[in-house]
Structures are given as structure tokens and as C-alpha cells.
Amino acid sequence: MPESRQEDAEEVARETMRRVAANVDMLVDQLSSAKYAFAFPDAVRRTPTAEDLQAVAMAETLIGPLPVALRACLEIVGPVDLCGDGGSLLPHVGYHGPERESWDFAPDPLVLHSGQVLGNQISSVVGDLSLGCACTDPEEDEPCRFHASGFFFSIAPDEAAKENFSGGDHTIHLPNANPDPQLEYVAVAESISLVEYLRLSLAWGGFPGYSVRPAHVPLPGLLERLGHQLMKF
């Protein structure tokens, strides 16, 4: 990609994620005011730290440039966790409650992992990032497993895990040349990119599973109000 186009793409991604971050802050404030019971109150929203930024930079020295939307998300939005118990406000949202009925649906509260999680996941595959990997050893004839096939960054738990049941993850395959990479294993859509998923999530007040709820399930008034208050991006 020409340098000017790359810079344009990066600025668009940064502005997009600035809006995502502002929207998430508003959601957290509104959900808190409504007495929504967050499953992890100390981890609901955290601004990216120097350690997060360092982990992203270190990851790029090994992987190469991250997709611009993913890097902007990790550097500007940071970790988010809207899992919790909705009570009468959001009766289908639960983390500590009984298993939902088979006819029900998964609300899929928005969760995003941090730059440090990305670094930790890569380290689990290649070892200490500061040491590079086996590919840097001139005596090695073949690339390591990481560089031969890449890996899947688990950017969030999947819908089942967000309800505290055994599940998997929403993942992004890296390395990845797509500026807005595809998310894998997302139940609300067969094919969806990171930005599209964030847009869908925020359009439904942070709970995109409501977009595929059964016809007989009404949209909670709280989410309807929240969806109309957010900035478009």
C-alpha cells in the first residue's frame, strides 16, 4: 500500500476507534447508572497502558504490522468486559445465573482483550518475545510453527464463554494483511470484520446477540435507548 494511503487508512482506523472508545465509556456509565451487575467490576473498561502499547509494539517486531483496525483497537479502545447479570433490565443477560433455555439466544456482551493479552498469547507460542524466536537462529533450517502457519489471536471469549459456560473464542488470524480483519467464530454473523462487529455491538447497546433474538423476544427498552445515543462510525 502506498505510504499516503497507509497513513489515510491508519487515521481512519484511529478516528473509528476513538468513537468506539467514547461509545463504550457512555455505555458503561449508562449501564452502571441502571444498576447493571457487571461480572467483573474492576475490568469493565480500562484505558490502554504503557505495558499494552509496549506489547503491541513487541508483537509487531515479530509478526510484522498488525491490521490497522486491530492495532488502533488495542491502542485506543483497550480492554472491555460487559459480561454480567441483567436482572429485570436485561433478563436474557446472565453470567452467574442458571443455564438459559434451549429456545433462548446468546446476548453476546461486548468483550475486548488488551494488548498485553496479545503479547501473552504470542509468547505462549514462541517464548520470550524479547528473544525473538527460533527463526532467528541461523542453524534452524525451517520456520517455527508460528511463522509457518501464523496463529489465532483470541480477541474475546465467544458467546457461550461470556455466559460462564464452556466455550471458545472470537479470533483473528495473524499475520493478516487485511486492514479490517475478519473475526472467526462469531455466532451473530457468518462473516464479519472487526469494525463491523464493533458497529453491530454498539448499535445494540453492547449486546449484539439481540440482533438475532427470536421474534417473540422484545428488545429491552434500555438497549433501545442506548442504541440511539451512540456516535456513528
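Inter-residue side-chain proximity for R19 and L202 is flagged as unmet; no heavy-atom pair is nearer than 4.5 Å. Side-chain atoms of I122 and M58, non-hydrogen and from C-beta on, never get closer than 4.5 Å to each other. Contact annotation: the side chain of L183 never approaches that of T171 to less than 4.5 Å [non-hydrogen atoms, C-beta and beyond]. Between W204 and P107, every side-chain heavy-atom pair lies at or beyond the 4.5 Å cut-off. When side chains are defined from C-beta on, D52 does not count as touching V56, because their heavy atoms never get closer than 4.5 Å. Side-chain contact between R213 and P218: absent, with no pair of heavy atoms (C-beta onward) separated by less than 4.5 Å. Here the side chains of L226 and M26 are in contact, with some heavy-atom distance below 4.5 Å. In this structure, the side chains of P181 and H173 stay at 4.5 Å or more apart for every pair of heavy atoms.
Rounding to the nearest 0.5 angstrom, the gap separating the OG atom in S201 from the CG atom in L112 is 8.0 Å. Here the straight-line distance linking atom CG of L70 with atom OG of S193 works out to 11.5 Å at 0.5 Å rounding. Separation of atoms CD1 (I76) and OG1 (T16) is listed at 9.0 Å; rounding is to 0.5 Å. Once rounded to the nearest 0.5 Å, the distance linking SG of C73 with CG of L198 reads 5.5 Å. A distance of 11.0 Å separates CD of Q116 from OG of S123, quoted to the nearest 0.5 Å. Rounding to the nearest 0.5 Å gives a distance of 5.5 Å between CG of L53 and CD of E75.
If you chain together hydrophobic residues whose side chains sit under 4.5 Å apart, Y197 and M231 never meet in one group. Neither V111 nor L118 shares a network with the other; the hydrophobic side chains, linked directly or stepwise wherever heavy atoms of I, L, V, M, F, W or Y lie under 4.5 Å apart, form separate groups for each. The same ILVMFWY cluster, assembled from side-chain heavy atoms under 4.5 Å apart, contains both L110 and V117. Both L219 and L222 belong to a common hydrophobic cluster when Ile, Leu, Val, Met, Phe, Trp and Tyr are linked at side-chain heavy-atom distances under 4.5 angstrom. Cluster membership for V44 and L89, using ILVMFWY side-chain heavy atoms within less than 4.5 angstrom, is shared.
A distance-only check finds a donor-acceptor pair linking the side chain of E159 to the backbone of A187 [under 3.5 Å]. R45 places no side-chain N or O within donor-acceptor distance of the main-chain N or O of G78, the cut-off being under 3.5 Å. Judged by distance alone, the side chain of E60 and the main-chain N or O of L66 form a donor-acceptor pair under 3.5 Å. Using modelled atom types, no side-chain atom of R199 and backbone atom of E196 make a donor-acceptor pair closer than 3.5 Å. Within the 3.5 Å criterion, the main-chain N or O of Y95 finds no donor-acceptor partner in the side chain of E163. A distance-only check finds no donor-acceptor pair linking the side chain of N23 to the backbone of L230 [under 3.5 Å]. Looking at D81, its side chain does come within 3.5 Å of a backbone N or O of C83 through a donor-acceptor pair. Using modelled atom types, one side-chain atom of D180 and one backbone atom of V195 make a donor-acceptor pair closer than 3.5 Å.
In terms of heavy-atom proximity, V68 sits nearest to A9 at CG2-O, 4.2 Å. Here the closest non-hydrogen pair linking G209 and V188 is CA-CG1, 3.8 Å. Nearest heavy-atom pair across A160 and G167 is CB-CA, 4.1 Å. H113 approaches L74 most closely through the heavy-atom pair O-CD2, 3.7 Å. Minimum heavy-atom separation, P67 to L174: CD-CD2, 3.7 Å.
A salt bridge between E15 and R18 is present, with a side-chain N of the basic residue lying under 4.0 Å from a carboxylate O of the acidic one. Ion pairing between R14 and E11 holds under the 4.0 Å rule for side-chain N and carboxylate O.
No hydrogens or angles considered: a donor-acceptor pair under 3.5 Å links the side chains of E51 and T49.
Within a 6.0 Å radius of OH in Y185, no more than 12 heavy atoms belonging to other residues, nucleotides or ligands are found.
Taking the six-membered ring where the residue is Trp, F105 and H92 present tilted rings, their angle falling between 30° and 60°. Between F38 and Y36, the angle of the ring planes goes over 60°, which puts this pair in the perpendicular group of the 30/60° scheme.
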